[in-house]
Amino acid sequence: QVQLVESGGGLVQAGGSLRLSCAASGRTFSSYTMGWFRQAPGKEREFVAAISWNYGRTYYADSVKGRFTISRDNAKNTVYLQMNSLKPEDTAVYYCAAGYRLATISAGYSYWGQGTQVTVSS
């Protein structure tokens with residue numbers, strides 16, 4: 001089992017940057033695919049980015065491609081989401097997730113963090 005704790009959210013102006021972190025418990029962190037999702041008020045949870053457990057392959061939603069970067073440090077059991085050129089439409093609760101296979105849907109992940117709020121002002 002994996003426990004996930006996100007941090008790094010906050011309030012930022014449009015065009016600014018934030019880096020989210022997700023610390024994972026458990027000795028098998030390196031064997032999990034890690035993903036980031038987000039959910040804005042009144043909207044469904046949507047895929048943002050994912051990174052595979054092997055070779056560090058990355059995948060991004062079209063809406064964040066070129067602006068966000070996902071990375072992982074297996075020695076620190078941590079996955080990151082660097083968010084640049086933030087837009088008001090990026091405002092959402094961001095969730096970290098761990099799964100056994102690379103997936104771009106929520107159902108593909110078995111473990112979830114509690115979420116961290118990101119608010120981008122215009």
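Under the 4.5 Å side-chain heavy-atom criterion for Ile, Leu, Val, Met, Phe, Trp and Tyr, W112 and M34 are members of distinct hydrophobic clusters. Y59 and W36 are not part of a single hydrophobic cluster, where members link through side-chain heavy atoms under 4.5 Å apart. Under the 4.5 Å side-chain heavy-atom criterion for Ile, Leu, Val, Met, Phe, Trp and Tyr, V93 and V79 are members of distinct hydrophobic clusters.
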Q.
What verdict does the side chain to side chain contact (heavy atoms under 4.5 Å, CB included) test give for L4 and Y95, after you've listed the backbone C-alpha separation in whole Å, the side-chain angles of each residue and the deciding distance to 0.1 Å?
A. CA-CA 9 Å; L4 305 171; Y95 297 91; over 6 Å; no
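Taking each heavy atom of P88 and A14 in turn, the nearest pair found is CD-CB, 4.1 Å. Between R67 and S85, the shortest heavy-atom distance links the atoms NH1-O, 3.0 Å.
The side-chain hydrogen bond (donor to acceptor under 3.5 Å, both in side chains) check on Y94 picks up R38, with sequence neighbours excluded. In this view, S17 and N84 satisfy the side-chain hydrogen bond (donor to acceptor under 3.5 Å, both in side chains) rule, not counting sequence neighbours. The side-chain contact (heavy atoms from CB on, under 4.5 Å) search around Q114 returns V5, E6, not counting sequence neighbours. By the side-chain contact (heavy atoms from CB on, under 4.5 Å) test, S7 pairs with S21, sequence neighbours left out. Residues satisfying the side-chain contact (heavy atoms from CB on, under 4.5 Å) test with E89, not counting sequence neighbours, are K87. Partners of F47 according to the ring pair (Phe, Tyr, Trp, His ring centres under 6.0 Å) rule, which considers only residues two or more places apart in sequence or in another chain, are F37. In terms of the salt bridge (charged side-chain N to carboxylate O under 4.0 Å, His left out) criterion, K43 has no residue partners (sequence neighbours excluded).
Sorted by first then second residue, the disulfide (SG to SG under 2.5 Å) pairs that include residues 36-78, not counting sequence neighbours, number zero. Within the structure, no pair that satisfies the disulfide (SG to SG under 2.5 Å) test touches residues 35-67, not counting sequence neighbours. Applying the disulfide (SG to SG under 2.5 Å) test to every pair with at least one member in residues 21-120, sequence neighbours left out, gives these pairs: C22-C96.
Side chains of M83 and V12 form no contact here, defined as non-hydrogen atoms less than 4.5 Å apart. Using a 4.5 Å cut-off on side-chain heavy atoms (C-beta onward), Y80 and D73 make contact. Side-chain contact between L11 and Q117: absent, with no pair of heavy atoms (C-beta onward) separated by less than 4.5 Å.
Counting side-chain heavy-atom gaps under 4.5 Å among Ile, Leu, Val, Met, Phe, Trp and Tyr, W53 is found in no cluster with other residues.
To the nearest 0.5 angstrom, L18 atom CG is 8.5 Å from Q82 atom CD. To the nearest 0.5 angstrom, F68 atom CZ is 14.0 Å from T58 atom OG1. A distance of 11.0 Å separates CG in L81 from OG1 in T116, rounded to the nearest 0.5 Å. To the nearest 0.5 Å, atoms CG (N77) and CD (Q3) are separated by 12.5 Å. Interatomic distance, OG1 of T69 versus CZ of R19, reported as 11.5 Å (0.5 Å rounding).
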Do any side-chain atoms of residues 99-109 form donor-acceptor pairs under 3.5 angstrom with protein atoms, and if so which ones, sequence neighbours left out?
from, atom 1, to, atom 2, distance (Å)
Y100, OH, Y111, OH, 3.2
Y109, OH, A103, O, 2.6

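The closest donor-acceptor contact from the side chain of S30 to the backbone of N74 lies at 3.5 Å or more, if one exists at all. A donor-acceptor contact shorter than 3.5 Å is absent between the side chain of R57 and the backbone of S52.
In this structure, R72 satisfies the cation-pi test against F29, with its NZ or CZ atom closer than 6.0 Å to the six-membered ring centre and inside 45 degrees of the ring normal.
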